[in-house]
There are 4 protein chains.
Amino acid sequence: MPRITPERREAKRAEILAAARRCFSRDGFHQTSMPDIATEAGVSAGAPYRYFASKEEIIVAIAGDAFRLLFEPVERIAAGTRAASVADLMAASLEVLSAETVTDAAGHPVPVEELLRCAVQTWSELLRDDAVRAHAVEGFESVRRSITEALQRGQTAGAVPSAVPPERAARLVMGLLHGFLLQRVAFELTDTAAFGDDIRTLL
Amino acid sequence: MPRITPERREAKRAEILAAARRCFSRDGFHQTSMPDIATEAGVSAGAPYRYFASKEEIIVAIAGDAFRLLFEPVERIAAGTRAASVADLMAASLEVLSAETVTDAAGHPVPVEELLRCAVQTWSELLRDDAVRAHAVEGFESVRRSITEALQRGQTAGAVPSAVPPERAARLVMGLLHGFLLQRVAFELTDTAAFGDDIRTLL
Amino acid sequence: MPRITPERREAKRAEILAAARRCFSRDGFHQTSMPDIATEAGVSAGAPYRYFASKEEIIVAIAGDAFRLLFEPVERIAAGTRAASVADLMAASLEVLSAETVTDAAGHPVPVEELLRCAVQTWSELLRDDAVRAHAVEGFESVRRSITEALQRGQTAGAVPSAVPPERAARLVMGLLHGFLLQRVAFELTDTAAFGDDIRTLL
Amino acid sequence: MPRITPERREAKRAEILAAARRCFSRDGFHQTSMPDIATEAGVSAGAPYRYFASKEEIIVAIAGDAFRLLFEPVERIAAGTRAASVADLMAASLEVLSAETVTDAAGHPVPVEELLRCAVQTWSELLRDDAVRAHAVEGFESVRRSITEALQRGQTAGAVPSAVPPERAARLVMGLLHGFLLQRVAFELTDTAAFGDDIRTLL
DNA sequence: CATGAATGAGCATTCATTCAT
DNA sequence: TATGAATGAATGCTCATTCAT
């Protein structure tokens with residue numbers, strides 16, 4: 001008979017994960033030590049190991065989460081868009097990526113800044129870590145698929161020019177989203193609205 | 001009076017840097033140890049410290065170099081383009097980023113793959129490291145300026161629509177370049193030609 | 001060009017090994033930490049790792065050495081005996097195992113007590129560690145072979161009864177040697193001479 | 001008033017002990033963790049502490065048991081032997097040590113292999129642990145006493161030569177038993193019958 | 001100048017033990 | 001009584017950096 005309920009266990013796991021995310025965002029995956037995470041979470045040094053087998057497992061969880069939380073709204077927008085033009089899709093997506101916080105599965109707000117910083121680090125990590133790569137590529141493809149489908153509907157409806165195959169156009173959209181994300185977090189892009197506006201104008 | 005000529009010293013420094021780049025590309029900044037670099041360069045463990053004050057300094061040098069080598073051709077294209085459309089500029093740039101090697105200051109070929117992998121890691125690094133950030137942002141702004149100027153000339157010549165201020169359009173171009181670079185190295189983008197073609201088509 | 005000569009390197013390796021042996025003899029393989037060994041050897045915590053890849057490797061070295069040093073004299077006796085009776089062989093061997101010290105390859109005296117305590121621990125270790133087992137079994141067989149040959153010569157000369165095949169009789173001799181060794185170190189056998197005398201009497 | 005009967009308590013204690021013995025035999029005293037034992041016994045991590053104050057106490061119990069279970073039959077043989085020759089005594093003892101299982105106090109069969117592996121580890125342990133040493137030495141002396149008495153009866157009856165004082169001859173017998181035990185478990189002695197036969201032949 | 005041995009702080013992880021429930 | 005979550009000290013090992021030669 002467990003002394004803590006599965007809910008409490010899950011809550012504590014989430015707390016440790018949130019602490020890890022704060023540390024990773026602030027100091028980086030490799031500059032953050034396990035004691036750092038434990039201290040940030042307010043637990044003992046051994047406690048995280050009751051919830052995660054290794055630091056690596058925490059990194060994989062954080063990496064997967066970061067992409068999921070950032071791009072879930074984008075997927076939702078793509079899925080809900082009847083006949084989006086590329087520009088509409090982009091504009092809606094950038095609005096999400098420009099928010100202050102998003103809401104995680106448990107309903108807690110998570111700073112977008114934190115997620116962005118973890119996402120950028122995940123790109124580094126996936127170059128060498130197969131578990132991270134698998135998660136990240138899967139997430140990437142999922143979003144791309146949603147966008148592809150939205151563009152297909154757009155072409156059918158005539159809102160999107162048919163000159164470019166949707167799955168290839170979706171790569172361009174992903175490229176712009178990533179490029180935006182990166183400039184926002186690393187290259188002092190402050191006027192986030194302009195980025196979307198300009199895309200609309202140019203297309 | 002130095003016992004080795006400045007030329008030899010510079011050559012050895014470059015060798016150590018090239019070794020570090022291979023290590024960083026293969027194993028990552030933080031999974032690469034200083035002994036790893038020394039071994040890869042075929043020098044003693046202490047030798048790198050006669051050319052660089054710390055590992056940090058090597059990372060800064062590599063990070064700066066990666067961006068410079070990758071984007072110098074882009075800058076050159078931008079500077080040399082009389083009246084580029086955005087699409088022309090992108091197409092020429094992507095061609096460079098799709099090459100096998102670029103040539104460094106000393107005339108040695110450097111695999112683009114290696115540079116791309118270091119570049120992605122640099123994005124992580126600059127989030128926390130001010131020296132890296134300063135170099136990277138400076139490089140970013142330099143390229144953006146070149147592109148801005150090319151676009152201005154394009155607008156003057158009528159090849160580029162005037163609806164979007166050039167310095168803002170240049171951000172879009174940089175976003176697409178970064179997005180392309182990332183997909184090429186991390187998200188299995190193999191048909192690099194299509195990416196450029198599609199941009200031309202859509203614009 | 002190495003800064004220390006191979007001789008000095010070997011000497012230092014031997015010093016660390018000797019320190020490890022003292023620690024292991026006093027506290028046991030698993031109660032001895034790597035810092036303990038470093039401290040006992042008067043070097044820094046990292047130093048032993050320049051000579052041994054792991055604690056395991058030190059244990060294997062010590063285990064192999066303990067048997068070699070203890071039984072090399074026994075092998076020499078067996079090899080040098082023209083026509084030994086079993087009793088003569090035992091008596092000579094027990095004398096060696098009753099000495100205060102034996103001399104190692106470098107000519108340094110090593111307390112037999114220390115070796116005996118390590119040997120007993122090696123028996124535990126070989127139950128689970130294949131590297132230790134391989135070394136120990138090889139050493140065991142080597143000694144048994146020497147004894148077998150001595151007994152064969154003894155049978156030829158008529159000094160040893162032919163009723164028992166030499167290789168089986170050698171197992172008995174090994175058993176008595178191990179039994180003696182164990183009682184000496186663990187079961188308060190002080191009258192070591194009596195043990196040998198009684199064997200001679202009974203046979 | 002205890003909530004569980006003393007019988008149930010004793011049974012559970014025995015189960016934990018049996019689980020510990022399996023773990024110790026398989027993985028060694030020091031490679032086995034308390035959670036390992038609890039898991040093997042199918043109880044919670046805290047449960048063993050209601051029966052044993054510490055891991056050390058479990059080791060002491062196992063160590064004492066191993067010797068007792070292995071040598072009780074030997075003692076019984078010695079006690080029951082009217083006028084044993086040394087060879088008869090050895091032969092009967094080796095037969096016991098060659099069996100597959102022995103029966104413990106509660107009537108459960110215990111694999112001899114398991115006991116032998118624990119016994120060898122006990123030799124290591126007693127070098128440093130006074131509680132283990134005390135138990136082991138007491139067990140050793142008890143068996144030796146039984147053998148001594150059997151030999152005395154044998155001398156009186158003329159079946160055993162009087163040349164060697166019985167208490168000293170008993171040391172030889174113990175040495176051979178230990179040597180046999182060790183070779184059986186650690187040095188690939190498979191023909192256990194030959195060992196006893198050869199002793200008889202040589203004496 | 002170059003070498004490579006040495007240092008020692010730091011890290012991921014384990015585990016005996018405790019104790020609130 | 002029994003549970004199992006939590007603790008926190010300890011361990012094996014790595015590595016950036018120094019410096020005697």
Side-chain angles (χ1 to χ4, degrees), chain A residues 1-5 8-9 12 30-39 41-58, chain B residues 1-5 8-9 12 30-39 43-58, chain C residues 1-5 8-9 12 30-39 41-59, chain D residues 1-4 8-9 12 30-39 43-58:
Chain A
M1 211 175 304
R3 217 190 55 177
I4 62 172
T5 62
R8 260 202 72 51
R9 183 177 167 82
K12 186 144 188 186
H30 301 292
Q31 287 69 29
T32 297
S33 72
M34 288 296 275
D36 287 345
I37 295 173
T39 301
V43 298
S44 71
Y49 286 94
R50 292 193 58 75
Y51 298 86
F52 303 93
S54 64
K55 185 181 173 181
E56 155 82 10
E57 203 175 291
I58 297 183
Chain B
M1 182 94 48
R3 299 253 285 268
I4 62 171
T5 64
R8 267 217 53 63
R9 183 176 168 83
K12 187 147 187 186
H30 302 292
Q31 286 69 32
T32 297
S33 70
M34 289 294 274
D36 286 344
I37 295 171
T39 301
V43 299
S44 70
Y49 284 94
R50 299 200 58 79
Y51 298 88
F52 303 93
S54 65
K55 185 180 174 182
E56 153 83 11
E57 206 175 290
I58 298 183
Chain C
M1 211 175 305
R3 218 191 53 179
I4 62 172
T5 62
R8 261 204 70 54
R9 184 178 166 82
K12 186 145 189 188
H30 301 291
Q31 286 70 30
T32 297
S33 72
M34 287 296 275
D36 287 344
I37 295 172
T39 301
V43 298
S44 72
Y49 287 94
R50 291 193 59 76
Y51 298 87
F52 303 93
S54 64
K55 184 180 173 183
E56 155 82 11
E57 204 174 291
I58 298 183
I59 291 177
Chain D
M1 182 94 50
R3 299 255 285 271
I4 61 170
R8 264 212 60 56
R9 184 174 167 81
K12 188 147 186 185
H30 301 291
Q31 285 70 32
T32 297
S33 70
M34 287 297 272
D36 287 344
I37 295 171
T39 301
V43 298
S44 70
Y49 284 92
R50 298 199 59 76
Y51 298 86
F52 303 92
S54 66
K55 185 180 172 181
E56 154 82 11
E57 205 175 290
I58 298 183

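Throughout, protein chains are lettered first and strands after them, A, B, ... in sequence-line order, and every chain is numbered starting at 1.
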(request) Using Watson-Crick or G-U wobble pairs with both distances under 3.5 Å, give me DNA chain E in dot-bracket, 5' to 3', with [ ] for crossers and | for pairs to another strand. (result) .||||||||||||||||||||

(message) Taking the side chain as everything from C-beta on, heavy atoms only, tell me whether D:Y51 gets closer than 4.5 Å to D:E57.
(response) no

(request) May I ask you to test the C:K12-C:I4 pair for a side-chain heavy-atom distance under 4.5 Å? (result) no

Measure [atom1]/[X] against [atom2]/[N] and give the value in whole Å, please.
| X | N | atom1 | atom2 | answer |
| --- | --- | --- | --- | --- |
| A:D36 | E:dC11 | CG | C1' | 10 Å |
| B:M34 | E:dA9 | CE | P | 20 Å |
| A:H30 | F:dA16 | NE2 | P | 13 Å |
| A:I4 | E:dT21 | CD1 | P | 13 Å |
| B:I37 | F:dC15 | CD1 | C1' | 12 Å |
| C:Q31 | E:dC15 | CD | P | 14 Å |
| A:R8 | E:dA20 | CZ | C1' | 13 Å |

Closest non-hydrogen atom pair between [X] and [Y], with its separation:
| X | Y | result |
| --- | --- | --- |
| D:S44 | D:P48 | O-CD, 3.4 Å |
| C:Q31 | C:D36 | O-OD2, 3.8 Å |
| A:A45 | A:A38 | CA-CB, 3.9 Å |

(request) Quick one: label D:T39 by what it contacts on the DNA or RNA (base, sugar-phosphate, nothing), any heavy atom closer than 4.0 Å. (result) nothing

(request) Find which nucleotide of DNA chain F each of A:R9 and B:S33 is nearest to by heavy atoms, and output the residue with the more 5' nucleotide. (result) A:R9

(message) Between D:A47 and C:P35, which residue's closest nucleotide on DNA chain F lies nearer the 5′ terminus?
(response) D:A47

(request) Could you check which residues of residues 48-58 of chain A get a heavy atom under 4.0 Å from DNA chain F? Sort them by number, please. (result) A:R50, A:Y51

(message) Counting only heavy atoms not in B:R9 (residues, nucleotides, ligands), do more than 12 fall under 6.0 Å from its CZ?
(response) yes

(request) State the CD1-CE distance between A:I37 and A:M34, to the nearest 0.5 angstrom. (result) 5.5 Å

(request) Determine: side-chain N/O of A:K12 to OP1/OP2 of F:dA6, distance under 4.0 Å, yes or no. (result) yes

(request) Look at C:S44 and E:dT7 and indicate whether a side-chain polar atom (N or O) is within less than 4.0 Å of OP1 or OP2. (result) yes

(message) Which is more 5' along DNA chain E, the nucleotide nearest A:G46 or the one nearest C:G42? Just name the residue.
(response) C:G42

